[in-house]
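Report on the structure given below.
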Amino acid sequence: MSDSNTTDFTNPSTFILLGIPGLEATHVWISIPFCTMYVIAILGNFTVLFIVKMEPSLHRPMYYFLCMLAVTDLGLSTSILPKMLSIFWFNSREIDFSACLSQMYFIHCFSVMQSGIFAAMALDRYVAICHPLRHYTILTNPTVATIGLAMVLRCGIFSLPYPFLARQWPYCRTNIIPQTLCVHMAVVNLACTDTHVSSYYGLFVQFSVMRLDVIFIVVSYIQILRAIFNLPTKDARIKTFGTCGSHLFVILAFYIPRLFISLLYRFGQNVALNFHVLISNVYLLMPPMLNPIIYAVRTKQIWDRLLRLFTHEGP
């Protein structure tokens, strides 16, 4: 047992990403839906950014937050897909140790950013529905920019310990990661020392950051529903609730798969590893693809501007 995978190394120069274990023969076919998702995410999110920039009527807080979400979705999908596709297409499995830690950082950073943006969107819907006359005096452009900056700082600060801790551990078991990407626990599990600190920190971020976002969103929507049910007519209630539809859909597309993944990792010990890897990748890549589609279809202003763009009609 003298091969490189069992040699004691405290700072491995490279890791080996296996892709989807057991399905190596079908990697090219598996790449087709993932590549399609990436293309749709890139085109969809750039289209949202373009439409919001070109349409003055969309220069409002909700659409500024939507632009932040689009940039975040572009960052998340781009931090994952290029390396994944290089594994599937060219069998390029090696990844530099520093590049692996960088990918880990950006995956966690953009995921935390997504969660924060959904909370900011819930704040926007709460103010718009519960305090409509003060909506644009509360959520002014400087306020929206401050919220955006705070979310960037939050995700940057809370994601930094992931690669920092992973770099501290000695790795002496193997440098093979049975994944398509450098997720935190997959890397840390290769260490030959007690890594409970990394595990506890991951739980801390989950419960103290992302779960707080969920609580904030739930409380916001409780207040929103109370305000809606106090409206005098059914048509007014339906119309007002309809303004929350897109936001609710993207929240469900983000948090329901996350709940499923958590349950799968906790109770799915008998589930095949390749299913774990496949479903985790789908979970990370589905929201960046779905978000622009949901907002384009369900937001009349974006849909109308999109139709004018493709039919070459005037403004």
Exercise for review: State, with a plain yes or no, whether a side-chain heavy atom of Asn91 is found less than 4.5 Å away from one of Glu24.
Suggested key: no
Check your understanding: Does Ser111 reach the main-chain N or O of His108 with its side chain, forming a donor-acceptor pair under 3.5 Å?
Key -> no
Review point. Of Tyr221, Phe241, Tyr295, which meets ring-ring contact (aromatic ring centres under 6.0 Å, His included) against His247?
Key: Tyr221
Check your understanding: Can we call the ring centroids of His131 and Tyr126 under 6.0 Å apart?
Key -> yes
Check your understanding: How long is the gap from CD1 on Ile251 to CG on Asn291, to the nearest 0.5 Å?
Key -> 10.5 Å
Check your understanding: About how many Å separate CE of Met185 and CE of Met104, when rounded to the nearest 0.5 Å?
Key -> 10.0 Å
Practice item. Kindly indicate whether a cation-pi arrangement holds for Arg60 with Tyr63, taking the cut-offs as under 6.0 Å to the six-membered ring centre and within 45° of the axis. Key: no
Review point. Is the shortest heavy-atom distance from the side chain of Leu69 to the side chain of Met121 under 4.5 Å?
Key: yes
Review point. Once you round to the nearest 0.5 Å, how far does CG of Leu123 lie from CZ of Phe118?
Key: 15.0 Å
Review point. For the atom pair CG (Asn189) and SG (Cys192), what is the distance rounded to the nearest 0.5 Å?
Key: 12.5 Å
Exercise for review: Compute the centroid of each ring, for Phe97 and then for Phe15, and state whether the two points are separated by less than 6.0 Å.
Suggested key: yes
Check your understanding: Is Gln168 reaching over with its side chain to a backbone N or O of Phe164, donor-acceptor style, under 3.5 angstrom?
Key -> yes
Check your understanding: Looking at Thr14 and Asn175, what are the two nearest heavy atoms and their distance?
Key -> O-ND2, 3.3 Å
Practice item. Determine the interplanar angle of the Tyr200 and His196 rings, folded into 0 to 90°, and report it as parallel if under 30°, tilted if 30 to 60°, perpendicular if over 60°. Key: tilted
Check your understanding: Side chains of Ser79 and Tyr105: do they bring a donor and an acceptor to under 3.5 Å?
Key -> no
Review point. Does Pro288 offer a backbone N or O that forms a donor-acceptor pair with the side chain of Asn45 under 3.5 Å?
Key: yes
Practice item. Just do the side-chain contact (heavy atoms from CB on, under 4.5 Å) check on Val188 and Ser199 with the steps written out, would you? Key: CA-CA 9 Å; Val188 168; Ser199 301; 5.5 Å; no
Point to revise | For Thr180, the option from Leu17, Leu278, Leu81, Val277 that meets side-chain contact (heavy atoms from CB on, under 4.5 Å) | key: Val277
Review point. If we ignore angles and hydrogens, is there a donor and acceptor under 3.5 Å between the side chains of Asp73 and Gln114?
Key: yes
Study note, to complete from the structure: Heavy-atom closest pair (Asp213 atom, Ser115 atom, distance to 0.1 Å) is OD2-OG, 2.7 Å
Practice item. Grab the two heavy atoms, one from Pro61 and one from Leu139, that are nearest each other, plus how far apart they are. Key: CG-O, 3.4 Å
Exercise for review: Could you tell me whether Glu55 atom CD has more than 12 heavy atoms of other residues or ligands within 6.0 Å of it?
Suggested key: yes
Practice item. Taking atom OH of Tyr201 as the centre, report whether more than 12 heavy atoms of other residues, nucleotides or ligands fall under 6.0 Å from it. Key: yes
Exercise for review: Could you walk me through whether Cys109 and Cys155 pass disulfide (SG to SG under 2.5 Å), step by step?
Suggested key: CA-CA 5 Å; Cys109 186; Cys155 74; 3.1 Å; no
Point to revise | Backbone N/O of Trp29 and side chain of Thr26: donor-acceptor pair under 3.5 Å | key: no
Revision key, fill the gap. Scanning both residues in full, the closest heavy-atom pair of Val187 with Cys100 reads CG2-SG, 3.9 Å
Practice item. Indicate if Val112 and Phe204 have the same hydrophobic cluster label, given that clusters are the connected sets of ILVMFWY residues with side-chain heavy-atom separations under 4.5 angstrom. Key: yes
Check your understanding: Can you tell me if Arg237 uses its side chain to pair, donor with acceptor, with the backbone of Leu231 under 3.5 Å?
Key -> yes
Practice item. Kindly assign one of parallel, tilted or perpendicular to the pair Tyr162 and His184, based on the angle between their ring planes and the thresholds 30° and 60°. Key: perpendicular
Exercise for review: Compare every heavy atom of Val127 with every heavy atom of Arg134, then report the nearest pair and how far apart it is.
Suggested key: O-CG1, 4.4 Å
Exercise for review: Check Leu74 against Ala41 and note the closest heavy-atom contact, atom names and distance.
Suggested key: CD2-O, 4.0 Å
